[in-house]
Asks: 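First the structure, then my questions, so here it is.
Quick caveat, the model's predicted, so the values are computed rather than measured. Read the numbers this way: they start at 1 and go in the same order the structure lists the ligands and their atoms.
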Amino acid sequence: MQNLYLDVSPLDQRGVTKFALSEEVMMEHAAMAMAHLIRARFNANSSVLIVCGSGNNGADGLALARLLEGDFHISLHIPFGASSPLAHLQRDRVEALGLKHAPIEGDYDVIVDALFGSGLNRPLGPTAIEALILMNGMSGLKIACDVPSGLYAEGTFDTNVFYADITVTMGAYKRSLFSDGAKEVCGEIIVADLGVHKKRYETPSPWKLLESQDLSLPNRIRASSHKGSYGHLAVVCGEKAGASVIAGSAALRFGTGLVSLISNENVTIPYELMQSHSIPSTATAIALGMGLGVEFCDDELSSLLDNTLPLVLDADIFYHPMFSKLLKRTSLVLTPHPKEFTQILRLTGIADIDVSALQSNRFTYVEKFCSAYPNTVLVLKGSNVIIGQGEEFYINPLGTVALAKGGSGDVLSGLIGALLAQGNTPLEAAIQGSLAHTLAAQKFDKNNYALTPFDLIERITCL
Ligand SMILES: NC(=O)C1=CN([C@@H]2O[C@H](COP(=O)(O)OP(=O)(O)OC[C@H]3O[C@@H](n4cnc5c(N)ncnc54)[C@H](O)[C@@H]3O)[C@@H](O)[C@H]2O)[C@@H](O)CC1
Ligand SMILES: Nc1ncnc2c1ncn2[C@@H]1O[C@H](COP(=O)(O)OP(=O)(O)O)[C@@H](O)[C@H]1O
Ligand SMILES: [K+]
């Protein structure tokens, strides 16, 4: 797990006050990290274009030019000159080496974007756009210094943002690099230490980045245990029974001792799942909402939920009149996709916004919801999933586009339901269910358009 920051400037300042590092020392490390990367991947004499802005992001780029000069063919493009004191200093140093501003011409083996970093504070103007269009059109390896230019702190970005293959981010992970859209823009993300180890440089943060090594599987350790030791998940089976079959099958695969589908009528289901008309007395958790439709009347649903069992809620239940009442429960996990989350925000009076407004500001709306409902665990789906409860937030960036298919979400609620049924806390169940979901998708080694929910469930067997 890694820390994520909206703003790293307090960390930079702490580098100066606590560790007596100067900004110039930190900048030298930032530039060296990029130089190491380029030297490791490219032979001497390769051509490197470095496009530098007027602030300290540009100054990082100028320092990089100085470090590579002599071994590589360096082209510098400095369209805004120098404004910060360090940019002036770094420019004087490269000019002493005979490097100076030149137009962007032809193609290069490496393209480094050091136009804007954390100081981007207004929309890109025509000069920046012209440079970024040229850079994005090139075939060489594209490296963003700190953040791709055009990406704002909230994670939104300009249409002409730099599309990086690799982002070398300075000091610590910025949260903006993990908005849903940023996944398209940042490429591989590497953190550069700035003179002290990242562990020293960082302070605690409420936002965390999940990593594959955070996965903890419900492996069985008690040799004499039996199916009753591993919980019983009741999946409410609605109009579209397939959704609950998928969720139930995922739950069984993820270790739940028993899984029952709860339906009014008998439906055809796989042999390994059980069927019941009411919540079994042995149930330890309930999954509700996937494919629900209007199958159960309000009274029937009320009686199914007349208990205090942990709940995972998904899909249609967010539009159901009973949902507001369910929000009062403890042991509750919600797994909305963005459209469903706008419905929840509307219903709770937190915001009346459309999906694009939500996606431009996912972090803030998750914080607002979690502050209003601190007992509820929220899993906001997307290409970078956000999991939040109270003042703790996690981003899972490990999913792949193979998951963008009907039924993937049903697998996720089944996995979370499985862990709730086995006695995990709602937050643990959400984090571990989401990790298992995305890592299972990574195990799919066929064409990424081909993954089905049952392929995904199959890969839960070998995480
Ligand atoms: N502060 C520190 O200790 C360190 C800072 N570092 C680098 O410094 C960067 C931050 O530097 P700055 O705060 O100088 O900010 P930037 O260099 O990101 O940008 C600020 C400059 O760009 C201009 N600008 C902003 N938006 C613009 C737009 N749309 N069009 C044209 N010009 C625009 C501003 O007027 C200002 O001159 C980081 O991203 C990182 O790359 C690193 O060297 C590591 C250490
Ligand atoms: N581009 C993507 N990258 C990573 N994960 C994705 C992507 N698109 C969708 N997903 C994941 O796939 C799942 C889709 O869920 P959802 O939209 O509810 O589908 P359904 O309800 O039809 O199963 C979510 O877990 C989401 O995070
Ligand atoms: K940049």
Asks: For R200, does the CZ atom sit with more than 12 other heavy atoms under 6.0 Å from it, leaving out its own atoms?
Replies: no

Asks: Do you know which two heavy atoms are closest between V161 and N136, and how far apart they sit?
Replies: O-ND2, 2.9 Å

Asks: Determine whether a donor-acceptor pair (N or O, by modelled atom type, separation under 3.5 Å) exists between the side chain of D146 and the backbone of T169.
Replies: no

Asks: With a sphere of 6.0 Å drawn around NZ of K240, does it hold more than 12 non-hydrogen atoms of other residues, nucleotides or ligands?
Replies: no

Asks: Could you name each residue pair satisfying side-chain hydrogen bond (donor to acceptor under 3.5 Å, both in side chains) that touches residues 397-409, not counting sequence neighbours?
Replies: none

Asks: Under 4.5 Å between any side-chain heavy atoms of R362 and F341, yes or no?
Replies: no

Asks: What I want to find out is whether D314 reaches K381 closely enough, with some N-O distance under 4.0 Å, to be called a salt bridge.
Replies: yes

Asks: Ring pair (Phe, Tyr, Trp, His ring centres under 6.0 Å) for W207 and F363? Distances and angles first, verdict last.
Replies: CA-CA 10 Å; W207 281 83; F363 308 126; 5.4 Å; yes

Asks: Taking all heavy atoms of S179 and all of E154, pick out the closest pair and write down the distance.
Replies: CB-O, 4.4 Å

Asks: Under 3.4 Å from the K ion (ligand 3), which protein N, O or S atoms are there? Could you list them by chain and number?
Replies: N57 OD1, D113 O, D113 OD2, F116 O, C145 O, V147 O, S149 OG

Asks: In order of chain and number, which residues sit within 4.0 Å of ligand 1 by heavy atom?
Replies: D12, E23, M26, M27, S54, G55, N56, N57, D60, S83, F116, G117, S118, G119, L120, N121, R122, P123, L124, D146, L194

Asks: Describe, in one word, how the ring planes of F80 and F116 are oriented to each other, choosing from parallel (under 30°), tilted (30 to 60°) and perpendicular (over 60°).
Replies: tilted

Asks: Please test S9 against D12 for side-chain hydrogen bond (donor to acceptor under 3.5 Å, both in side chains), starting from the C-alpha separation and ending with a verdict.
Replies: CA-CA 5 Å; S9 52; D12 292 341; over 6 Å; no

Asks: List ligand 2's nitrogen or oxygen atoms that come under 3.5 Å of a protein nitrogen or oxygen, with the partner atom and distance.
Replies:
from     : atom 1 : to   : atom 2 : distance (Å)
ligand 2 : 3 (N)  : T400 : O      : 3.3
ligand 2 : 12 (O) : L403 : O      : 3.2
ligand 2 : 15 (O) : G409 : N      : 3.4
ligand 2 : 18 (O) : K381 : NZ     : 2.7
ligand 2 : 22 (O) : G407 : N      : 3.1
ligand 2 : 23 (O) : G407 : N      : 2.8
ligand 2 : 23 (O) : S408 : N      : 3.2
ligand 2 : 23 (O) : G409 : N      : 2.6
ligand 2 : 23 (O) : D410 : N      : 3.3
ligand 2 : 27 (O) : G382 : N      : 3.1
ligand 2 : 27 (O) : G382 : O      : 2.9

Asks: Does a salt bridge link K446 with E458, judged by any charged N lying under 4.0 Å from a carboxylate O?
Replies: no

Asks: Quick one: does any side-chain atom of K174 pair with a main-chain N or O of A172 as donor and acceptor, under 3.5 Å?
Replies: yes

